[in-house]
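What follows is a single structure, written as C-alpha cells, with notes after it.
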Amino acid sequence: MRVLYLYAHPLAGSLHFAIREAAREGLAEAGHEVDLCDLYAEGFDPVLSAEERRGYHAIPANRAPVEGYVRRVERAEALVLSFPTWSFGLPAILKGFFDRVFLPGVSFTLVDGVARPNLTHIRKIAGISTYGRPRWNALWVADPPRMAVTRYLRALTGWRAQVEYHALYDVNRLTERRAAGFLARVRRGMARF
C-alpha cells in the first residue's frame, strides 16, 4: 500500500525518532511504499489563517494553500500517525494539519449541510503515540489522542478503515527495557500492517 506517514516530533535522536525508524523498517519489510511527511522538518505551518477560514467551504479553491499536502492524502491508501501526547492532546502541528488539510471536498463533503466521509480510499490507519503519564491518567480524560485516531479519522473513511493504536504510557519513568520492547512491538505491528 501507499502509506502516508505523518510524523510530529521536533527532535532528531529522540525516542520518537527511534519509534519512527522502527515503524518505517516494519513498513518496508511488509513491502509498503512510505511517504514520510515530517511536519517539523517540512516547516508545516499549523495555523489556519483568516483568509483560509473565509474560503474554507469554497471547493476546490480551499485546497490551494495546502495543495501539496492534499495530493499526498489523496494518493495514500493508509495513514500512520506518529506523535507524542502533549497535555493529553495531539501536538499543535498535527492538529493544525487536520485543520488545514482535512477540508471540505478532501476529507468530507457536505450534502444538505450534513458531513459525509470522503477518505473512503484509506484502508488502514495506525496511531503510534507516547504519554508521559500512566494509562489511567489518559483514561481519566477519555484519551483524546486515541479517540482522534480510532474514531475521528476512521469516521472520515466511512468506518471502513481498519485501525490500530500503539501507545507507550508512563514515559516519564521509561526504562531501556520497556523502550526496546515498545520499539520491537511497533516494528512487528508495522510489518503486519
Side-chain angles (χ1 to χ4, degrees), residues 1-42 44 72-73 75-95 97-98 119 121-154 156-157 159-193:
M1 287 184 296
R2 289 184 303 274
V3 178
L4 178 59
Y5 194 108
L6 295 171
Y7 179 68
H9 197 283
L11 300 178
S14 67
L15 172 62
H16 262 277
F17 184 82
I19 292 168
R20 179 185 94 179
E21 294 309 297
R24 289 177 66 200
E25 288 169 9
L27 291 166
E29 184 180 316
H32 298 303
E33 174 189 332
V34 179
D35 174 7
L36 174 62
C37 182
D38 183 333
L39 296 172
Y40 283 97
E42 293 184 18
F44 180 77
R72 290 165 84 175
V73 169
R75 187 172 182 275
E77 297 170 289
L79 298 174
V80 175
L81 290 76
S82 181
F83 60 93
T85 295
W86 289 335
S87 302
F88 290 112
L90 300 173
I93 200 165
L94 184 56
K95 174 65 168 69
F97 184 89
F98 295 142
L119 293 179
H121 60 286
I122 300 293
R123 299 184 340 214
K124 290 190 175 187
I125 300 169
I128 307 169
S129 191
T130 60
Y131 297 69
R133 297 182 187 185
R135 176 126 197 245
W136 70 266
N137 287 143
L139 292 173
W140 185 256
V141 295
D143 203 347
R146 182 184 292 266
M147 295 302 107
V149 172
T150 63
R151 293 187 184 173
Y152 167 68
L153 290 178
R154 188 164 183 240
L156 295 174
T157 72
W159 301 100
R160 296 176 184 172
Q162 295 176 0
V163 180
E164 54 190 69
Y165 193 77
H166 306 272
L168 178 61
Y169 295 93
D170 210 8
V171 171
N172 293 334
R173 297 184 288 187
L174 187 64
T175 64
E176 286 185 31
R177 182 176 178 199
R178 279 186 58 229
F182 186 72
L183 292 173
R185 194 168 85 225
V186 165
R187 183 180 173 142
R188 283 192 311 271
M190 293 298 96
R192 290 189 307 263
F193 188 66

*Which is it for Leu6 and Phe44 under the side chain to side chain contact (heavy atoms under 4.5 Å, CB included) test, yes or no, and what are the steps along the way?*
CA-CA 11 Å; Leu6 295 171; Phe44 180 77; over 6 Å; no
Quick one, [X] and [Y] - any side-chain contact, counting heavy atoms below 4.5 Å?
X      : Y      : result
Val163 : Leu153 : no
His9   : Ile19  : no
Trp86  : Leu94  : no
Phe17  : Asp38  : no
Leu15  : Phe182 : no
Met190 : Val80  : yes
Tyr131 : Arg146 : yes
Phe97  : Leu90  : no

*Is it the case that more than 12 heavy atoms not belonging to Arg133 sit under 6.0 Å from its CZ atom?*
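It does not: Arg133 CZ has 12 such atoms or fewer within range.
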How close do [X] and [Y] get, counting heavy atoms only, and between which atoms?
X      : Y      : answer
Ala8   : Pro84  : O-CD, 3.1 Å
Ala76  : His121 : O-CD2, 2.8 Å
Thr150 : Trp159 : O-CZ3, 4.4 Å
Glu29  : Ala191 : OE2-CB, 3.8 Å

Just by distance, do the side chain of [X] and the backbone of [Y] share a donor-acceptor pair under 3.5 Å?
X      : Y      : answer
Ser129 : Ala167 : no
Arg178 : Tyr169 : yes
Arg154 : Ala161 : yes
His32  : Phe193 : yes

I need the [X] [atom1] to [Y] [atom2] distance, nearest 0.5 Å.
X      : Y      : atom1 : atom2 : result
Leu4   : Ile122 : CG    : CD1   : 7.5 Å
Leu168 : Thr85  : CG    : OG1   : 10.0 Å
Glu164 : Lys124 : CD    : NZ    : 7.0 Å
Thr130 : Asp170 : OG1   : CG    : 11.5 Å
Arg123 : Gln162 : CZ    : CD    : 9.0 Å
Leu79  : Ile125 : CG    : CD1   : 5.5 Å

*Verdict with reasoning, Arg24 to Leu36, per side chain to side chain contact (heavy atoms under 4.5 Å, CB included)*: CA-CA 9 Å; Arg24 289 177 66 200; Leu36 174 62; 3.6 Å; yes
*Checking Arg20 against Tyr7: charged group under 6.0 Å from the ring centre and within 45 degrees of the axis?*
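Judged by the rule, Arg20 and Tyr7 form a cation-pi pair.
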*Salt bridge between Arg2 and Glu33, side-chain N to carboxylate O under 4.0 Å?*
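The answer is no: the pair does not qualify as a salt bridge.
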